[in-house]
*Asks:* 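I'd like to ask some things about the structure below.
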Amino acid sequence: MIQRFDTGPRMSEMVVHNGTIYLAGQIADDAAADITGQTQQVLDAIDALLARAGSDKSRLLRAEIFLVDLADFDAMNAVWQYWVVPGHTPARATVQAALANPQWKVEIVVTAAAGQT
């Protein structure tokens with residue numbers, strides 16, 4: 001069975017299949033915020049989506065982080081390191097990328113294991 005959440009004409013915010021949760025790229029609601037604020041907003045959105053699927057950040061498998069400016073790497077990492085669960089950090093890649101909205105500073109995509117049943 002495939003479950004889709006918040007499905008639109010181009011994408012779903014989240015898809016769950018065979019015990020794996022796939023999130024679409026998450027971006028900040030307040031694009032005027034600095035990298036710290038945008039990163040926190042994105043991580044809060046990830047928390048909320050994972051909770052809807054009965055999971056949480058301790059079950060992350062992989063994260064892909066897209067930064068517009070690599071000069072923001074340390075500030076983004078400071079928020080990330082406070083957020084992740086020690087001993088449960090996912091495989092991760094961080095790359096520089098141009099994002100669809102020039103005000104967005106960070107976009108994060110995660111894959112997680114579904115909650116235990």
Side-chain angles (χ1 to χ4, degrees):
M1 180 169 105
I2 299 173
Q3 290 180 281
R4 299 178 197 281
F5 295 76
D6 303 330
T7 300
R10 290 184 306 247
M11 59 177 259
S12 296
E13 276 303 314
M14 178 170 56
V15 176
V16 181
H17 180 256
N18 281 343
T20 304
I21 302 165
Y22 304 90
L23 268 58
Q26 299 301 303
I27 45 86
D29 288 329
D30 178 6
D34 64 7
I35 187 63
T36 300
Q38 286 198 27
T39 302
Q40 189 61 59
Q41 291 176 50
V42 169
L43 298 177
D44 290 345
I46 290 169
D47 280 334
L49 285 166
L50 292 175
R52 286 178 63 195
S55 190
D56 63 57
K57 62 189 173 188
S58 73
R59 301 184 58 76
L60 291 176
L61 303 171
R62 178 175 171 78
E64 298 169 41
I65 301 173
F66 303 93
L67 285 176
V68 169
D69 187 345
L70 289 178
D72 289 333
F73 185 74
D74 290 340
M76 178 276 302
N77 263 333
V79 179
W80 173 268
Q81 286 174 211
Y82 181 78
W83 177 78
V84 292
V85 178
H88 296 276
T89 52
R92 189 185 110 169
T94 304
V95 298
Q96 185 173 23
L99 301 182
N101 179 333
Q103 290 186 297
W104 293 334
K105 298 179 182 315
V106 61
E107 182 171 352
I108 301 176
V109 178
V110 301
T111 304
Q116 296 188 21
T117 56

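Starting from 1, each residue takes its place in the sequence as its number.
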*Asks:* Can you find a heavy atom in the side chain of Leu67 that is under 4.5 Å from one in the side chain of Ile35?
*Replies:*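 Yes, at least one pair of side-chain atoms sits under 4.5 Å.
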*Asks:* Output the distance between atom CG (Leu23) and atom CD (Glu64), rounded to the nearest 0.5 Å.
*Replies:*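 With rounding to 0.5 Å, CG (Leu23) is 11.5 Å from CD (Glu64).
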*Asks:* Count the heavy atoms belonging to other residues, nucleotides or ligands that lie under 6.0 Å from CG of Asp29, then report whether that count exceeds 12.
*Replies:* no
*Asks:* Could you go through Leu60 and Leu50, starting from their C-alpha distance and side-chain angles, then the distance that decides it, and tell me whether this counts as side-chain contact (heavy atoms from CB on, under 4.5 Å)?
*Replies:* CA-CA 9 Å; Leu60 291 176; Leu50 292 175; 4.0 Å; yes
*Asks:* In a check of side-chain contact (heavy atoms from CB on, under 4.5 Å) between Met14 and each of Val110, Asp6, Ile21, which one passes?
*Replies:* Ile21
*Asks:* Considering all heavy atoms of both residues, which atom of Met76 and which atom of Thr39 are nearest to each other, and what is their separation?
*Replies:*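 Minimum heavy-atom separation between Met76 and Thr39: CG-OG1, 3.6 Å.
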*Asks:* Donor-acceptor check, side chain of Gln38 to backbone of Ala33, threshold 3.5 angstrom: yes or no?
*Replies:* yes
*Asks:* If hydrophobic clusters are built from ILVMFWY residues whose side chains come within less than 4.5 Å, do Trp83 and Val106 share one?
*Replies:* yes
*Asks:* Shortest non-hydrogen contact from Arg4 to Ser12?
*Replies:* CB-OG, 3.8 Å
*Asks:* Rounded to the nearest 0.5 Å, what separation is found between the NZ atom of Lys57 and the CG atom of Leu43?
*Replies:* 8.0 Å
*Asks:* Could you tell me if Gln26 and Gln41 have a donor-acceptor pair between their side chains, going purely by distance under 3.5 Å?
*Replies:* no
*Asks:* Would you compute the distance between atom CD1 of Ile27 and atom CG of Leu99 and round it to the nearest 0.5 angstrom?
*Replies:* 9.5 Å
*Asks:* Give, for atom OG of Ser55 and atom CD1 of Ile46, the distance between the pair rounded to the nearest 0.5 Å.
*Replies:*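 Atom-to-atom, Ser55:OG and Ile46:CD1 are 12.0 Å apart.
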*Asks:* Would you say Phe73 and Thr94 make side-chain contact, with heavy atoms under 4.5 Å?
*Replies:* yes
*Asks:* Between Val42 and Ala28, what is the shortest heavy-atom contact and its length?
*Replies:* CG2-N, 3.6 Å
*Asks:* If you look at every heavy atom in Gln96 and Val68, which pair is closest and at what distance?
*Replies:* NE2-O, 3.1 Å
*Asks:* Without swapping roles, check the side chain of Gln103 against the backbone of Ala31 for a donor-acceptor pair under 3.5 Å.
*Replies:* no
*Asks:* Taking atom CG of Asp72 and atom CD1 of Ile65, what is their separation to the nearest 0.5 Å?
*Replies:* 12.0 Å
*Asks:* Just how far is it from atom CG of Asp74 to atom CD of Gln81, taken to the nearest 0.5 Å?
*Replies:*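 Output value for this atom pair is 9.0 Å.
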*Asks:* Linking I/L/V/M/F/W/Y whenever their side-chain heavy atoms sit closer than 4.5 Å, directly or via other members, would Phe66 and Leu49 fall into one cluster?
*Replies:*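 Phe66 does not cluster with Leu49.
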*Asks:* Looking only at heavy atoms, which two atoms of Met11 and Ala24 are closest? And how far apart?
*Replies:*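 Looking at all heavy atoms of both residues, the closest pair is CE-CB, 3.3 Å.
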*Asks:* Considering non-hydrogen atoms only, spot the tightest contact between Val109 and Gly25 and give its length.
*Replies:*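 The answer is CG2-CA, 3.5 Å.
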